There are 2 protein chains.
Amino acid sequence: MEGRTGGMEGKLVMVRQELGGAGGSGHVLTRDSINQNVVQAEYAVRGKLYAAAQARSKAGKQVILTNVGNPQALGQKPITFPRQVLALVTHPPLMERAKSLGIPSDAVQRAQEYLAAVGSTGAYQDSRGNALVRKQVADFITRRDGFPADPDSVFLTDGAGVGITLCMRTAIRGRHDGVMMPIPQYPLYSATVEVMNGTKVGYFLDESNEWGMDIAELDRAYNDAVASGVTPRIIVVINPGNPTGMCLTMENLKDVLMWCARRRVVLFADEVYQTNIYKPDTRPFISFKKALGELGGSAQCSTELVSFNTVSKGALGECGRRGAYFEVVNVDSKVVDEIYKLLSMNLSSNVDGQIYVGLMCQPPVPGDPSFPLYNMEMNSIIESLKRRALRLARTFNTMEGVQCTEVTSSMYAFPQITLPPAAIEAARQAGHKPDEFYCLELLDQTGICVVPGSGFGQKDSTFHFRTTILPPESMFDDIIERFTSFHAKFMRQYGGAKAKL
Amino acid sequence: MEGRTGGMEGKLVMVRQELGGAGGSGHVLTRDSINQNVVQAEYAVRGKLYAAAQARSKAGKQVILTNVGNPQALGQKPITFPRQVLALVTHPPLMERAKSLGIPSDAVQRAQEYLAAVGSTGAYQDSRGNALVRKQVADFITRRDGFPADPDSVFLTDGAGVGITLCMRTAIRGRHDGVMMPIPQYPLYSATVEVMNGTKVGYFLDESNEWGMDIAELDRAYNDAVASGVTPRIIVVINPGNPTGMCLTMENLKDVLMWCARRRVVLFADEVYQTNIYKPDTRPFISFKKALGELGGSAQCSTELVSFNTVSKGALGECGRRGAYFEVVNVDSKVVDEIYKLLSMNLSSNVDGQIYVGLMCQPPVPGDPSFPLYNMEMNSIIESLKRRALRLARTFNTMEGVQCTEVTSSMYAFPQITLPPAAIEAARQAGHKPDEFYCLELLDQTGICVVPGSGFGQKDSTFHFRTTILPPESMFDDIIERFTSFHAKFMRQYGGAKAKL
């Protein structure tokens with residue numbers, strides 16, 4: 001802030017000196033004197049690359065942001081039906097004119113229903129979320145899994161991250177509490193655990209086996225943690241995977257649930273990409289709740305499960321709404337009460353986001369006037385994402401020293417790059433990690449902003465980057481051309497992949 | 001959750017026993033094994049009274065919720081102009097039809113401007129908020145105070161509570177860090193400090209002096225904290241006051257700012273009620289930023305200031321939007337970077353809320369087509385709130401053993417009640433605090449849900465309750481009749497106010 005508030009600065013420094021302020025700047029709060037858990041937390045998705053991209057953008061150069069899963073920022077059109085409903089709820093006088101505006105009757109009916117349920121979108125709702133929306137969520141889960149869900153086990157939040165943070169806060173007491181998380185992982189988790197003063201315990205996903213989960217590796221990670229004085233009490237599983245694009249099999253899900261029961265570890269299931277499925281026949285999305293339900297009938301699994309979902313992903317892609325829910329299963333009712341109390345400190349999540357959650361969970365069905373357009377729009381987005389996912393992975397696999405697992409779900413590709421020793425040395429000299437160096441060069445030469453694998457975690461001496469599959473198809477030829485020619489030039493410059501360390 | 005997930009429960013208990021689960025329930029997470037800071041945090045606004053009100057409501061009985069400042073839940077109509085803009089931004093095809101819908105041209109123009117700025121309301125924005133909105137906030141602050149504000153010192157959040165929590169988290173390291181807060185105070189602060197593992201340090205507001213701040217009392221509180229090993233590093237000031245309805249004078253503001261500089265304490269200014277002003281001539285709202293600016297020219301005050309504002313209060317009353325901003329002043333740029341990083345972990349606040357912040361800060365002005373209606377609606381709400389504020393306090397002052405400071409601002413009255421000893425004894429026998437007992441009786445007999453003073457803090461042996469002034473004027477005669485006849489009956493039953501302890 002120095003110098004930004006006008007001409008006071010010189011005089012302020014004087015007063016600070018008189019007061020004998022701590023630290024050179026004279027501020028009470030300095031980077032050294034604030035909560036060091038905050039300082040230590042790293043969040044790569046908006047880290048060094050994002051800062052470089054912002055600087056580039058300010059300088060008037062083109063930037064293609066593929067660093068965040070933010071489809072509508074890259075031109076994806078919003079689905080019409082929920083926007084119609086939300087516009088009517090926002091400004092109810094429009095309802096009378098809906099017909100002349102071409103807004104179908106079912107949209108009007110849904111708008112009336114939500115308006116009656118929330119009172120006004122300007123009113124706080126119950127802190128765990130509006131009751132109608134929670135019922136729609138519970139009905140959706142029940143239909144999806146074939147096992148019952150209770151509306152009172154559903155909580156609505158301003159984005160899934162809020163729910164994850166809140167549940168982490170409830171469970172974590174200090175450094176001796178461990179949170180197991182995949183490597184690679186979405187860095188929200190490591191950053192949140194750091195801020196909460198817990199200890200992160202990484203388990204490796206198996207890149208050679210489509211980024212699947214290996215129970216022996218979970219045991220390895222658990223035992224290593226215990227040996228160092230940390231007891232894991234939460235395991236985070238991101239399914240479908242971010243950044244890996246993997247989708248776990250029923251067998252894998254059940255193994256993980258039983259492992260949790262054996263080890264007495266609570267399962268946080270990040271299932272926000274559950275409708276971003278590109279091989280539904282061979283790799284469908286299966287929820288942990290469903291796997292738990294199936295186990296309940298046979299192996300009787302007591303695992304405490306919290307599952308997160310959002311309107312930000314899938315074909316809706318309504319990131320800016322901050323609409324999300326989580327469901328708690330097998331969780332002690334007194335703990336649920338504490339979660340409710342914590343939520344109540346923030347009074348209410350945003351009502352537009354809540355309504356969107358309801359619309360996601362109870363979409364138009366065949367026979368509804370809105371169904372044909374809705375269905376066409378949703379399928380068209382998923383089909384397009386599927387084409388992009390497959391094409392991007394295929395392209396990466398044609399590039400020298402690059403290997404990319406097939407992207408069967410989510411919104412990301414996470415290719416591995418074998419970097420030449422000369423590139424690694426050049427990175428060292430420039431003060432960057434090798435994958436950071438590669439990504440900064442990519443940004444500089446092509447305008448494409450990706451996130452280095454080091455931001456997500458990766459096995460030592462391996463290098464990756466994450467890119468979303470979201471740039472519009474009209475740009476895809478161009479983007480692929482940029483990627484491939486940049487990479488070819490980079491490899492030429494630094495001696496190629498064969499010169500492995 | 002017990003028994004809610006179908007027929008699994010008996011089997012689950014078996015497995016838990018085999019596993020040798022900790023605690024009687026067999027759960028990994030129990031009230032005793034989770035983060036005890038969470039368990040210890042109390043949040044009275046949605047506490048015992050709210051629970052009783054919910055039970056009453058479920059039983060089909062009438063409840064008049066005056067426990068939360070949630071005007072639109074009590075029938076306050078939304079202001080038309082911002083709703084029109086938001087509907088257009090939500091569903092842009094409506095723009096072409098705006099004229100036929102009676103939506104003025106300036107609303108369309110503003111909608112186009114926001115749509116261009118955000119891309120889509122379904123897209124994440126920069127983590128500190130959309131740049132156009134932050135500029136509008138900075139312009140508003142500059143106009144309001146006559147001192148410059150920098151858009152890069154403004155952060156947008158999902159409600160003011162999120163910003164407060166985030167800044168607290170940044171500043172608080174542990175139990176030795178104190179947060180000074182008024183008694184009485186809005187319990188978000190005590191609860192948040194508890195969850196953050198800081199120490200709350202109460203300073204009393206002076207009820208005999210219109211709930212003003214007394215510098216000697218700040219010194220007393222500070223010194224007592226230091227003597228017990230706690231160093232205050234933040235002071236929270238709620239101005240206009242919640243629950244007190246007070247509005248601080250310029251002299252008081254400057255004294256507090258200078259005290260902060262002397263004591264090296266950071267000032268968190270909760271200024272969310274800044275437009276709820278009912279005596280603008282004698283008790284106008286003055287921001288701490290303005291007082292700081294005036295001091296900067298003379299006494300050169302270095303106080304680090306964070307000021308919070310929201311669309312939830314004022315005449316807008318759009319609680320359900322979760323739109324808010326905070327401005328940091330004199331804060332070290334490296335600390336601002338850390339705040340930005342923390343915000344980035346949640347990616348973006350909700351875009352509808354951001355747009356509402358922009359609309360609050362840049363409203364229609366004379367000459368704009370929307371101005372006459374906007375101005376009329378805004379004034380009508382404030383005038384009505386003013387009538388209700390004055391009337392409610394006046395009524396309380398006619399009641400036996402009740403004293404209420406004039407409500408010159410905010411949305412609350414906080415009357416003191418002298419409870420008869422027999423009532424205090426009856427409360428003890430029922431297992432309630434005396435003021436809780438009074439409020440539960442009020443709820444039971446009238447359906448009116450208020451919050452006991454003990455939820456906000458009060459001097460020992462004094463009792464208060466907080467009620468909002470928000471029930472619609474059409475209900476006011478009835479509500480006042482309920483209050484007065486309940487109170488008279490209560491006092492008769494327990495022997496009257498004269499029988500003081």
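In this text the structure is predicted, and so the values were computed from the model without any measurement.
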Shortest non-hydrogen separation from [X] to [Y] and the atoms involved:
X	Y	result
A/T170	B/V38	CA-CG2, 4.2 Å
B/A87	A/L94	CB-CD1, 4.0 Å
B/A123	A/A73	CB-N, 3.8 Å
B/R233	A/V28	NH2-O, 3.8 Å
B/A171	A/L29	CB-CD2, 4.0 Å

Can you check whether [X] reaches [Y] side chain to side chain, under 4.5 Å on heavy atoms?
X	Y	result
A/D158	B/R322	yes
B/N37	A/R173	no
A/H27	B/S333	no
A/L342	B/V195	yes
A/R31	B/D332	no
B/H91	A/T90	no
B/R169	A/M196	yes
B/V39	A/E338	yes

message = Using a 3.5 Å distance criterion without hydrogens, assess whether the side chain of B/Q72 forms a donor-acceptor pair with backbone atoms of A/T121.
response = no
query = Ignoring hydrogens and geometry, is there a side-chain-to-backbone donor-acceptor pair from A/K334 to B/D32 under 3.5 Å?
reply = no
Which bit of [X] is near chain B, if near means a heavy-atom gap under 4.5 Å: side chain, backbone, both or neither?
X	value
A/I172	backbone
A/S33	both
A/V89	backbone
A/Q54	side chain
A/I339	neither
A/Y356	neither

Contacting region of [X] [heavy-atom separation from chain A under 4.5 Å]:
X	result
B/R97	side chain
B/S349	backbone
B/V162	both
B/V118	neither

If you count heavy-atom pairs under 4.5 Å with chain A, which of [options] comes out on top?
options	answer
B/G119, B/P93, B/G323, B/A191	B/A191
B/R83, B/E318, B/E96, B/Q84	B/R83
B/G317, B/S100, B/P92, B/A160	B/S100

Pick whichever of [options] has the most heavy-atom pairs under 4.5 Å with chain B.
options	answer
A/L316, A/D337, A/V266	A/V266
A/N346, A/V265, A/V351	A/N346
A/G353, A/P78, A/A41, A/G161	A/A41
A/L101, A/L188, A/D177	A/L101

query = Distance from A/L347 atom CG to B/N70 atom CG, nearest 0.5 Å?
reply = 8.5 Å
query = Would you call A/R321-B/D352 a salt bridge at under 4.0 Å N-O?
reply = yes
inquiry  = Determine whether B/Y124 and A/S312 satisfy the following criterion, side-chain contact (heavy atoms from CB on, under 4.5 Å), listing intermediate values before the conclusion.
reply    = CA-CA 9 Å; B/Y124 292 132; A/S312 300; 4.0 Å; yes
